Amino acid sequence: MSRPDSLIADRYNVKDTEARWQKVWEDRGCFIAREESDRPKYYVLEMFPYPSGRIHMGHVRNYTLGDVVARYKRARGHNVLHPMGWDAFGLPAENAAIQHGVHPAKWTRENIAAMREQLKSMGLSYDWAREVATCEPDYYRHEQKMFLDFLKAGLVYRKESWVNWDPVENTVLANEQVIDGRGWRSGALVEKRLLSQWFLKITAFAQDLLDSLKTLERWPERVRLMQENWIGRSEGARLLFQVEGRATGLEIFTTRPDTLYGARFVAIAANHPLAAELAAGNPALAEFIAECNRMGTSEAAIETAEKKGFDTGLKAVHPFDPSRTLPIHVANFVLMDYGTGAIFGCPAHDQRDLDFANKYGLGYTQVVEPAADREAVAAQIAAGTAYTGDGVLINSAFLDGLAVEAAKAAAIDRIEAEGLGARTVNFRLRDWGVSRQRYWGCPIPIIHCESCGAVPVPEAELPVQLPEDVRFDIPGNPLAHHPTWKDVACPVCGKPARRETDTFDTFFESSWYFARYTSPTSTTIGFDRAAADYWMPVDQYIGGIEHAVLHLLYSRFFTRALRQCGYLNVAEPFAGLLTQGMICHETYKDEAGAWLFPTDVADGPDGRPVHAVTGQPVTVGRSEKMSKSKKNVVDPAGIIDGYGADTARLFMLSDSPPDRDLDWTEAGIDGAWRYVNRLWRMAATADLPAIDAPMPELGVEAAKLRRLVHKTIAVVGDDLDRFQFNKAVAHIREMTNALAELGAPAVDSDAAWVLREGLEAAARLIGPMMPHLAEEMWSALGQDSLIAETAWPEADPALLVEDSVTVAVQVNGKLRATIELPKNAEAALAERTALDQPQVIAALAGKPPRKVVVVPNRIVNVVA
RNA sequence: GGGGACGUGGUGAAAUGGUAAACACUGACGACUUAAAAUCGUCCGGCUUCGGCCUUGCGGGUUCAAGUCCCGCCGUCCCCA
């Protein structure tokens, strides 16, 4: 049986509608950004994706958030820049080449094309004319120039360095890419190797990067805190210990110079030059050092490993008391990169030192004593727990009686006075090693010459292009075994020389792409200076919390380095930052314990989940971040195909605040879909007065509803200003629920007039969130303009103030009644009305109130 | 081990120190339908003698008033180790 036409027309044709409006926006160039404008600029940016080939739910959330901001700011009269591009270098392209024989360039470009189409189906308001792909020479040539300029400015150096080597990926990993001693992607146990590496001097800006965090008021507090911890500023001293029987002393770094008299040993890193020297004549020590090198270099790996040491037999002389000597150990918990690679151990007041001293029988001396619980603290140390709290110095000669902070100052004063060392600020932050032994990255523009050393590629010869004819069937870096590419003449002496075959860390590209968007076709310095000055900084940056430290810190550094080299005029690239939460989903396993996709799971006959095909029982695990490995993923393409982009966008925005994790549920997407249809039906089927019909005399109900419409306009604006999208959705739903209760009023009634005003407001308010539906509603309401080009609605201030308010009446803080009072009623009237309430009289039981607190327009609290 | 965030119905969540649970999801019941879907309507924190009483992880405190502020626990998550 065929359905009547009215029922068919009852459904929103999402596919046709969304495609149609996308074409209208594109044809009209609604989202093209221009520099010349008398409106205030607003640069909104989402973290650009790696072109894996398909978008995932995290992208959908990220780009929906950005698009709401972009469309909202446009409607609010800003000149908006909202670009998109591709973080196109990286390992997956090479892995694809190795596994499937497809060239990384081809693989990447095809993925970009596929993902671009998927993003376009979301109806995002990007200026696609500004699209960039970092793997293209017209992009990466500029960062080669930047690198050479940084080199000239002294911000780049090359050094032999111990690195984390991932034996599976055949590459160097940054410390932060090593998690629990394993490569972040491969999961392979990381080894240490010594390699020549290029470094960017991020530490030159350490203090400024730290201090300027205070100015980033629109960043989440926790991201600032994480960066602060990462930079890790500590104040202390460097001082020289003499070593018995040797001419050269040993320089150590300490943050606790006050505890010098508690020193029981000196420990040096396995990579310390002294250790290497001693190991030459000591096979057992050499073996110990080799063992240390098998550990990762990360601090976490070192901390979790058992504390081990090797007594060198050498003795250090105590700098304040030459009659005392301290054994020098090589220890696996001392880092060569931190401070000087040597420490003194004060077991009583440092847990690591105490563990070490107890293990090797080195003893301890307590030198800090708290004001209270003296015996307890002494006993605690004896039992193996160091005391790190405040107190007064004991057993410490000239420091005795001083508090810890005063003692630190006094100790450093004496160290400086005696020429033993100096006050030092130390940072945990280390310079950024940018060399990667990889093909699919930006070539480092350097030529190695036997006579001239590392020589910059002359600027006229930039870009150094990646050769396309490379082989991936040999392990290691394809650039290194390319037959001819690396053979060049030295630019200085002309003799045969060799190109640098390492490429940049891919964080290099993402450290300046935001500037490239301001003028993506500029052929000069990577961007047009005037355009960058106009658009920068990014007003609102949106992305995942996982980039809280690395990408964001590198970008902050890079921008400073660019400024120092005269490229642009800002220090901070991102004035505002919003970090979105993860998308989570339930996990499913079959009886054998194998992960199942949500699409593999169906409801069984008894309502329990079963495998959709085999009917086997399925166990449902807790909701976790969507990941391919656990198969708890939902493909956005299928959702957009079935429900449309607006439904997916609405689901992303409603229910949870943007920075919180979001649970993807079928029920949730169905609920969003129902609301999309409901809104559409309301606009498409309403019988309304003409657009320009004058407002009739409004009855009480219609006037009340009209006030709600205007209040909603005001509050949704506030919600969006604060990125409280879930509340904006709730407030719009409240309004449309009230409009729906009108049913189908007569076309010439006051209710129908308010309904038109309300539906027009609804279309405009949902514009940033559900742009296709908004246009469709707007058009169904008889408008021939575009929501995308329509200003944000204005609430009539006169309608925002109520003439009467509901005031709560409490007795001893418990609610007893509510009363209606004129707005701003006098306290005396409020008090009198409250005391007249029967429930209040009953609660007082005849006794006079002791006190009455009146908060105007809010509450009356009667204290009995 | 250090630092931080969070803890509210069956679920996601609201609540400038001032009426806790807005807005949804799930569920139940009803209307329409031959039936189902869709849609619409009603109910949905707990207890209740139907007057009310209790309820924001636990225990204290500040306040006329605490989910919100302070202190101490417990738990979860994140970062650093």
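Sequence lines set the chain letters: A, B, ... in the order given, protein chains first and strands last, and positions in each chain run from 1. None of the values given here were measured: they were computed from a predicted structure.
Side chains of A:Q207 and A:D211: a donor-acceptor N/O pair is present below 3.5 angstrom, by distance only.
Residue A:R222 places its CZ atom among 12 or fewer non-hydrogen atoms of other residues, nucleotides or ligands, all under 6.0 Å distant. Annotation for A:K15: atom NZ does not count as buried by contact number, only 12 or fewer foreign heavy atoms lying within 6.0 Å. When the shell of 6.0 Å around NZ of A:K630 is examined, it contains 12 or fewer heavy atoms from other residues, nucleotides or ligands.
The separation between A:I669 atom CD1 and B:U26 atom P is 12 Å, rounded to whole Å. A:L653 places its CG atom 14 Å from the C1' atom of B:A24, with the value rounded to the nearest Å. A:W230 places its CH2 atom 17 Å from the P atom of B:C78, with the value rounded to the nearest Å. As rounded to whole Å, 13 Å separates atom P of B:C80 from atom CG of A:L429. With rounding to whole Å, A:I545 atom CD1 is found 11 Å from B:C80 atom P.
Relative ring orientation between A:F557 and A:W432 is described as perpendicular, the plane-to-plane angle rising above 60° on a 0-90° scale split at 30° and 60°. Using cut-offs of 30° and 60° for the angle between ring planes, the A:F507 and A:H551 rings count as parallel.
Glycosidic conformation at B:G9 (O4'-C1'-N9-C4 for purines, O4'-C1'-N1-C2 for pyrimidines): syn, within 90° of 0. Taking the O4'-C1'-N9-C4 or O4'-C1'-N1-C2 dihedral as appropriate, B:G75 has a value more than 90° from 0 and is therefore anti.
Sorted by first and then second residue, the salt bridge (charged side-chain N to carboxylate O under 4.0 Å, His left out) pairs with a member in residues 817-831 of chain A form an empty list; sequence neighbours excluded.
With A:Y675 as the aromatic partner, A:R733 meets the cation-pi criteria of under 6.0 angstrom to the ring centre and within 45 degrees of the ring axis.
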Nucleotide by nucleotide, 5' to 3', does protein get under 4.0 Å of the base (B), only the sugar-phosphate (S), or neither (-) in nucleotides 2-19 of chain B, counting heavy atoms? -SS-------BSSSB-BB
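For the pair A:R816 and A:G813, both in contact range of RNA chain B, the more 5′-proximal nearest nucleotide belongs to A:R816. Residue whose closest nucleotide on RNA chain B sits further toward the 5' end, between A:K814 and A:V863: A:K814.
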RNA chain B in dot-bracket form (Watson-Crick or G-U pairs under 3.5 Å, [ ] crossing, | inter-strand) is (((((((..(((.....[....))).(((((.......))))).(((....)))..(((((..]....)))))))))))).
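Here A:A738 pairs with A:L705, A:L708 under the side-chain contact (heavy atoms from CB on, under 4.5 Å) rule; sequence neighbours left out.
Across all strands, A:N737 comes closer than 4.0 Å only to sugar-phosphate atoms, never to a base (heavy-atom distances).
Each of A:D719, A:T712, A:D718, A:T736 was scored for a side-chain hydrogen bond (donor to acceptor under 3.5 Å, both in side chains) with A:H731, with one residue passing: A:D719.
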Between the protein and nucleotides 39-43 of chain B, are there any N/O to N/O pairs under 3.5 Å, and if so, what are the atom names and distances?
residue: B:C40; atom: OP1; partner: A:R678; partner atom: NE; Å: 3.4

Could you list the protein-to-nucleotides 69-71 of chain B atom pairs, N/O on both sides, closer than 3.5 Å?
none

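A sub-4.0 Å separation between OP1 or OP2 of B:A65 and a side-chain N or O of A:K851 is absent.
Counting heavy atoms from C-beta outward, A:F253 and A:S234 have side chains that approach closer than 4.5 Å. In this structure, A:L553 and A:I202 have side chains that are in contact, with non-hydrogen atoms separated by less than 4.5 Å.
Here the two rings, on A:F651 and A:W664, have centers that are under 6.0 Å apart.
Nearest heavy atom pair, residue A:I639 against residue A:A648, reads CG2-CB, 4.1 Å.
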